[in-house]
> 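Please read through the structure below; I'll follow up with questions.
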Amino acid sequence: MKVRTRLAPSPTGDPHVGTAYQALFGYVWAKVNNGEFVLRIEDTDRERSTNASEKAILESLKWIGITWDEGPDVGGPYGPYRQSDRLSIYKEHIDQLIAEGHAYPCFCTKQRLDEVRKKLVEEKAANRGYDRKCRDLSPEDATKRIAAGESYVVRMKIPLEGECSFTDLLRGEIVKDWASIDDQVIMKADGFPTYHLAVVVDDHLMEISHIIRGEEWINSVPKHVLLYQFFGWEPPVYCHLPLLRNPDKSKLSKRKNPTSVNYYRKAGYLPEALLNYLGMMGWHMPDNSEKFSVEEMINGFNLTDISLGSPVFDRTKLKWLNARYIREDNSPEQLAAKLQGWALNPEYIQKVTEVVASRLETLSDWGYFTAMFFSDTVPVTEELLAVKNLESPEVLELLQVTVWKLEKLRTWNSETISALLSEVADIFELKLKALTGPLYGAICGSKVAPPLFTSMEVLGSDLCRTRIIAAMNVLGGLSGKKLKKLEKKYRT
RNA sequence: GGCCCCAUCGUCCAAUGGUAAGGACACCGGCCUUUCACGCCGGCAAUACGGGUUCGAUCCCCGUUGGGGUCACCA
């Protein structure tokens, strides 16, 4: 059997290290078997998918050194490789399922579903899924309502009883009761398929042999297996990778750890070091060596050798590895060249210089004033973050809401940043100064600093957000409870 | 809460049905060095708990505990 693996990221945010992790293992497994590695963009979420994110993901994968044989940018015999370009394919398959009685239109409104769910939670019901109200509607009725223009989704018919079993390559047989699974939506009201339908159709049509992805998907495998059955297809091999964790063991999240590949790039990590580090999460070289290239990994790799305890992503050890690459694999000449690629290039130097030019008494002042543009973290103290008449819990809230808003900022420049910060200040009914004060501290680590907005523009979103979160930790951080409350109130 | 997954030093990764349970990061000492770093030497530190199976279990089975995931017209 030809080995074909795929990476199927959804372009809804920053390129995540977890995505790079899955990419590495999928890529390596394909190469071990002289197979192909496919990149497919899963953009079936119209609300959240963006071209900018797709572009950023492709770029970050290229930066880290992962290449693909087929994908939206390079094409291939199984295209198109962007799900939004495959709508007619899904439509066909959904129609087939309805015609064969495996799926049905559902007219329940969101409000009704919310109410049903709420009631079930209150009753502490074991199964809190959809109550299948529309499952037994007559096809004629349904057709009539659709013709009348009523909004509907399509759901798949899950067996009411019995159990589903499937094999995970690393875990063996996994069994789940059908009763614990509700009738999954496979087509949304906007006509787009959901992940569950699209992933099955595409993996089959693209002849994917091994699905290598995160453990968070294990619980939805029964639904996928059932779809394979409906279509009369053979499911691929399932291999669920352990999830990368924060130091506190929760699933790796940007609140507790920088998760954007771009952050690591900007902070001066070498792509080969990051990739190597990812390779030692859940796996080790046959000789236990810790520093290895992707080529070496391909020579020693076997999918079944992955261990299942979810590894903590430890930035300290990553830094140690990165340091080894810097000192062991680079002459001063090579390092100098890398530095130029990283930040010491005319473009960036000019941007930075524009920000500090008016402050220079001598050219030699330049280094002093621009250090913050060539650093990862910056020295922050409580004093630097203090705001007159505000307690630090309030400052923390201010900073947190700012981070949330910055995450969503599509166009990153001084004007948009300025507008956004004013907006945040307004929300809290504070003067802009109450916000820019602590931000100067967080971003610049000094009271002597160039203008905030342009500095942030030059520094870029990843570094800015990471620094603000680091500053929040200096103030003790927000508790989970407070965070939840705040999120309810301000996060939009 | 239901269901699913997982369980070796603080962290990452080894090991065998019989071991002094090994390496790396971090940490602590020391050496080297004009300083720091690198490098070298040494130290601290783990089989979650309770039952079985077995002559013998860290390893196999069961339970408990703990951690994680998942229960969307998000992926």
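By convention in this document, chain letters (A, B, ...) are assigned in the order of the sequence lines, proteins followed by strands, and residues within each chain are numbered from 1.
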> Can you check whether A:Lys319 has a side-chain N or O nearer than 4.0 Å to OP1 or OP2 of B:rA26?
no

> When both hydrogen-bonding distances must be under 3.5 Å and the geometry is Watson-Crick or G-U wobble, what is B:rU54 paired with, if anything?
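Because no pair has both required distances under 3.5 Å, B:rU54 counts as unpaired.
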
> Taking atom P in both B:rC12 and B:rA48, what distance in whole Å separates the two?
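Straight-line distance between the two P atoms is 14 Å.
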
> Write down the distance between CG (A:Asp182) and C1' (B:rC3), rounded to a whole number of angstrom.
13 Å

> Do A:Lys338 and A:Asn330 have a side chain donor and acceptor closer than 3.5 Å?
yes

> Please determine if a side-chain N or O atom of A:Thr44 lies less than 4.0 Å away from the OP1 or OP2 oxygen of B:rA75.
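Result: yes.
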
> So what does A:Val175 hit on the nucleic acid, given a heavy-atom distance under 4.0 Å: a base, only sugar-phosphate, or nothing?
sugar-phosphate

> Quantified in whole Å, what is the C1' atom distance between nucleotide B:rU8 and nucleotide B:rC3?
28 Å

> Base, sugar-phosphate or nothing for A:Ser151? Non-hydrogen atoms, less than 4.0 Å.
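It contacts nothing in the nucleic acid.
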
> So what does A:Glu290 hit on the nucleic acid, given a heavy-atom distance under 4.0 Å: a base, only sugar-phosphate, or nothing?
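Base contact.
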
> Which nucleotide in the list B:rC3, B:rG68, B:rC73 gets nearest to the side chain of A:Arg245?
B:rG68

> Measure the distance from CG on A:Asn219 to C1' on B:rA72 and round it to the nearest whole Å.
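Value for this atom pair: 15 Å.
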
> How far, in whole Å, is B:rA15 from B:rA46 if one measures between their C1' atoms?
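Per the computed distance, 13 Å lies between those C1' atoms.
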
> Give the nucleotide from the list B:rA75, B:rC5, B:rC73 with an atom nearest to the side chain of A:Glu215.
B:rC5

> Which atom pair, heavy atoms only, marks the closest approach of A:Pro193 to A:Thr44?
O-CB, 3.4 Å

> Name the nucleic acid region contacted by A:Leu243, choosing base, sugar-phosphate or nothing; use a 4.0 angstrom heavy-atom cut-off, strictly under.
sugar-phosphate

> Testing A:Glu70, A:Arg40, A:Arg86 for side-chain hydrogen bond (donor to acceptor under 3.5 Å, both in side chains) with A:Tyr81, which one passes?
A:Glu70

> Partner lookup for B:rA24, please. Criteria are Watson-Crick or G-U wobble with both distances under 3.5 angstrom; report none if nothing qualifies.
B:rU11

> Is the count of non-hydrogen atoms from other residues, nucleotides or ligands lying under 6.0 Å from A:Asn51 atom CG greater than 12?
no

> Using atom C1' in both nucleotides, what's the gap between B:rA26 and B:rG18 to the nearest angstrom?
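Result for the C1' pair: 34 Å, nearest Å.
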
> I'd like to know if A:Lys317 reaches the base of B:rA24 with its side chain such that a donor and an acceptor end up less than 3.5 angstrom apart.
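Counting by modelled atom types and ignoring angles, a donor-acceptor contact under 3.5 Å is found here.
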
> For the C1' atoms, the ones on B:rA14 and on B:rU19, what distance do you get once it is rounded to whole angstrom?
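About 13 Å, rounded to a whole number of Å.
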
> By the 4.0 Å heavy-atom rule, please label A:Cys164 as base, sugar-phosphate, or nothing.
nothing

> Both distances below 3.5 Å, Watson-Crick or wobble geometry, any strand: find the nucleotide opposite B:rU33.
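In the structure as shown, B:rU33 has no Watson-Crick or wobble partner.
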
> Cationic tip of A:Arg155 within the cone over A:Tyr104's six-membered ring, i.e. under 6.0 Å and within 45° of the normal?
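Here A:Arg155 fails the 6.0 Å and 45° test against A:Tyr104.
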
> Just checking, any donor-acceptor pair under 3.5 angstrom between side chains of A:His240 and A:Arg171?
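No, no side-chain donor-acceptor pair sits under 3.5 Å.
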
> Tell me the interatomic distance from A:Ile306, atom CD1, to B:rA14, atom P, rounded to whole angstroms.
11 Å

> Heavy atoms only, 4.0 Å cut-off, all strands: where does A:Gly282 land among base, sugar-phosphate and nothing?
sugar-phosphate

> Nearest to the side chain of A:Asn288 - B:rA75, B:rC73, B:rA14?
B:rA14

> Considering every strand and a 4.0 Å limit on heavy-atom distances, what is the contact class for A:Arg155: base, sugar-phosphate, or nothing?
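Sugar-phosphate contact only - A:Arg155 comes under 4.0 Å of backbone atoms but never of a base.
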
> Which part of the nucleic acid, if any, lies within contact of A:Thr316, taking any heavy atom under 4.0 Å across all strands shown: a base, the sugar-phosphate backbone alone, or nothing?
sugar-phosphate

> Could you please name the partner base of B:rU19, counting Watson-Crick and G-U wobble pairs only when both distances are under 3.5 Å?
none

> Find the distance A:Tyr130:OH to B:rG2:P and express it as a whole number of Å.
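Distance check: A:Tyr130 OH to B:rG2 P gives 26 Å.
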
> With a 4.0 Å cut-off on heavy atoms, is A:Met285 in touch with a base, just the backbone sugar-phosphate, or nothing at all?
nothing

> In whole angstrom, what separates A:Glu216's CD from B:rC74's C1'?
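Distance check: A:Glu216 CD to B:rC74 C1' gives 12 Å.
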
> What contact category does A:Val153 fall into here, base, sugar-phosphate, or nothing, at under 4.0 angstrom with non-hydrogen atoms?
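Base, at least one base heavy atom under 4.0 Å.
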
> Give the rounded distance in Å between these two atoms: CZ of A:Phe313 and C1' of B:rG10.
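Atom-to-atom, A:Phe313 to B:rG10, this comes out as 18 Å.
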
> Could you pick out which residue, A:Lys110 or A:Asp314, lies toward the 5' side of RNA chain B when each is mapped onto its nearest nucleotide?
A:Asp314

> Between A:Glu36 and A:Arg6, is there a side-chain N and carboxylate O pair less than 4.0 Å apart?
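Looking at A:Glu36 and A:Arg6, the cut-off is not met.
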
> Any side-chain N or O of A:Arg327 less than 4.0 Å from the OP1 or OP2 oxygen of B:rG39?
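Yes, within the criterion.
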
> Rounding to an integer number of Å, can you tell me how far A:Leu241 CG sits from B:rG68 P?
20 Å

> How would you label the contact of A:Arg171 with the nucleic acid (heavy atoms, under 4.0 Å): base, sugar-phosphate, or nothing?
sugar-phosphate

> Taking atom P in both B:rG63 and B:rC13, what distance in whole Å separates the two?
26 Å

> Determine: side-chain N/O of A:Lys188 to OP1/OP2 of B:rA75, distance under 4.0 Å, yes or no.
yes

> Choose from B:rC6, B:rC73, B:rC4 the nucleotide whose nearest atom is closest to any side-chain atom of A:Ile218.
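So the side chain of A:Ile218 is nearest to B:rC4.
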
> Can you measure from NZ (A:Lys317) to CE (A:Met280) and round to the nearest 0.5 angstrom?
4.0 Å

> Between P on B:rG68 and NZ on A:Lys256, what's the gap in Å once rounded to a whole number?
8 Å

> Identify the nucleotide, in any strand shown, that forms a Watson-Crick or G-U wobble pair with B:rG2, with both distances under 3.5 Å; if there is none, say none.
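For B:rG2, the partner nucleotide comes out as B:rU70, under the 3.5 Å rule.
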
